[in-house]
Amino acid sequence: MAFLLRNIGKLLTMNGDLENPLGEIQNAAVIIDGEKIVWIGAEVHVPYTVDKVFDCLGGVVAPGLIDCHTHLVFAGSRREEFVLRAKGATYLEIMQAGGGILNTMQATRWASKEELIELALPRLSRMLSYGVTTIEAKTGYGLSIADELKMLEAMHALNELQPIQICPTFLGAHAIPPEYRDRSEDYVNHIIDDMIPQIKAQGIAVACDVFVERGAFTADQGFRILSAAKAAGLSCKVHAEQLSHSGGALLAAKVSALSASHLEYATDDDKKALANSEVIAEILPTAQEFLGLHKMVSARSFIDAGIKVAVATDFNPGSAMCDNLHWAARLSVTRCGLSCEEALLGITLHAAKSVGLDDIGVIQAGKKADFCILSSDNPWDLFYDWSVNLVWAVFKNGQEVYRSNSGFLATKPLNL
Ligand code: NIG
Ligand code: FE
């Protein structure tokens with residue numbers, strides 16, 4: 001059944017140009033039919049009558065937000081590592097002492113698929129309340145075939161249980177599991193010879209990621225893993241240059257990855273290589289902030305080099321225990337040099353590219369009817385007001401899937 005969105009304070013299509021970067025349309029209306037947007041134009045030009053009208057109460061309408069980098073599925077807590085860091089320990093020291101990712105791996109291996117699903121559901125429900133309608137989620141806390149598949153199966157089950165679309169990424173190369181201690185080459189071969197073929201056979205992931213870092217995987221190992229993943233039909237992603245310069249950004253360009261994430265230690269040569277590719281620079285300021293690291297990525301320098309920038313939470317129990325995409329977007333402005341316009345593009349249009357989808361992240365006829373409505377007629381309130389969650393309603397595939405009970409602040413009267 002078709003319906004009309006009207007009384008929109010400001011429509012941000014994200015389909016803009018230099019003059020109008022967010023593709024803002026004033027006095028706009030939108031017609032939704034089934035799962036798709038079928039018409040956009042001025043409210044006075046609505047071409048036909050539809051059965052139902054949805055009153056946006058003068059609020060901003062924007063595409064459903066996309067969190068293009070999360071480690072959603074995990075068990076356990078790493079609160080004691082936060083306390084250790086507060087006393088001066090570093091993320092790498094904790095990792096080298098056997099904590100860090102392996103700590104969460106142990107808890108995740110112990111958890112059943114059902115427990116992982118139950119733990120993830122409230123996280124997803126919070127994300128939905130921020131207007132998020134699509135996320136990417138990585139494995140990487142199983143690190144054995146059975147446990148990696150368990151994480152992927154949990155993601156598929158979650159896709160059936162709640163409205164946020166989850167794009168599953170295989171991150172077997174997140175850490176060397178204890179069974180392969182000091183035998184990283186053997187583990188890399190296990191990923192290539194055993195894990196990727198199983199994942200391919202089950203058609204259960206869409207992308208493959210590698211953590212290129214001291215104490216994790218080398219760029220060369222990453223290249224071998226991503227080449228095998230590509231041959232198995234998966235897209236590539238890279239955790240690159242987060243804690244040191246390790247060659248992850250050049251690797252991302254070399255394998256035509258969808259994205260390179262973090263990038264705090266990227267060099268000018270890395271930027272040149274990324275600018276000559278289609279790789280999206282995914283910035284994750286929440287992780288640096290959470291780890292108390294002062295080196296923030298200069299997202300501005302990536303944009304100046306001609307690279308598209310996406311912004312994500314990196315939600316995970318070790319380096320970013322925060323699933324609030326608004327918070328990540330605000331930090332990308334206050335700490336990484338993005339304008340509010342660029343940050344909004346980073347959690348919509350550019351985030352869609354980073355997950356390899358072209359039917360979301362934009363409000364346009366023919367695209368999916370995923371959008372959120374704010375309880376403000378000014379999108380900058382999302383950045384300015386750190387106290388309030390301004391998301392009032394969320395639609396996924398043309399269905400209303402969330403309505404805030406916090407009341408509505410905008411005052412533009414409906415002019416019937
Ligand atoms: O993106 N860098 C590697 N992976 C995560 C951290 C995961 C963890 O500490 O559990 C990240 O920051
Ligand atoms: Fe990450």
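Since this is a predicted model, take the numbers as computed values, not measurements. One-based numbering, in listed order, for ligands and for the atoms of each.
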I want to know whether F211 and H239 have ring centres closer than 6.0 Å. yes

Okay, side chain of K353, backbone of S259: is any donor-acceptor separation there less than 3.5 Å? no

Does a salt bridge link D370 with K396, judged by any charged N lying under 4.0 Å from a carboxylate O? yes

Between T104 and ligand 1, is there a nitrogen or oxygen pair with a distance under 3.5 Å? no

Going by the atom numbers of ligand 1, which of them fall below 4.0 Å from some non-hydrogen atom of Y141? 7 (C), 8 (C), 10 (O)

I'd like to know if the side chain of R78 and the backbone of G100 have a donor-acceptor N/O pair within less than 3.5 Å. yes

Starting from atom 12 (O) of ligand 1, locate the nearest protein heavy atom and write down its residue, its atom name and how far away it is, to 0.1 Å. S319 OG, 2.7 Å

Ring centroid separation for F74 and F315, is it under 6.0 angstrom? yes

Counting only N and O atoms by type, is there a donor-acceptor contact under 3.5 Å from the side chain of N316 to the main-chain atoms of D314? yes

Between the side chains of T133 and Q165, is a donor N or O closer than 3.5 angstrom to an acceptor N or O? no

Can you list the atoms of ligand 1 that are under 4.0 Å from a heavy atom of H262? 1 (O), 11 (C), 12 (O)

Could you list the atoms of ligand 1 found under 4.0 angstrom from a heavy atom of R78? 8 (C), 9 (O), 10 (O)

Going by the atom numbers of ligand 1, which of them fall below 4.0 Å from some non-hydrogen atom of I101? 7 (C), 8 (C), 9 (O), 10 (O)

Within the distance-only criterion (no hydrogens, no angle test), does the side chain of N159 pair as donor or acceptor with the backbone N or O of I166 below 3.5 angstrom? yes

Which of the atoms of ligand 1 are close to H174, meaning less than 4.0 Å from one of its heavy atoms? 3 (C), 4 (N), 5 (C), 7 (C)

Under 4.0 Å to a heavy atom of Q242 - the qualifying atoms of ligand 1, by number: 2 (N), 12 (O)

Does ligand 1 have a heavy atom under 4.0 Å from the side chain of Y91, from its backbone, from both, or from neither? side chain

When you measure from the side chain of E148 to the backbone of L143, do you find a donor-acceptor pair of N or O atoms at a distance under 3.5 Å? yes

What protein heavy atom sits nearest atom 11 (C) of ligand 1, and how far away is it? D314 OD2, 3.1 Å

Within a distance under 2.8 Å of the Fe ion (ligand 2), the protein atoms of type N, O or S are H69 NE2, H71 NE2, H239 NE2, D314 OD1

Is there a donor in the side chain of Q221 and an acceptor in the side chain of E185, or the other way round, less than 3.5 Å apart? yes

Looking at R123 and D323, is there a salt bridge between them, counting it only when a charged N and a carboxylate O are closer than 4.0 Å? no

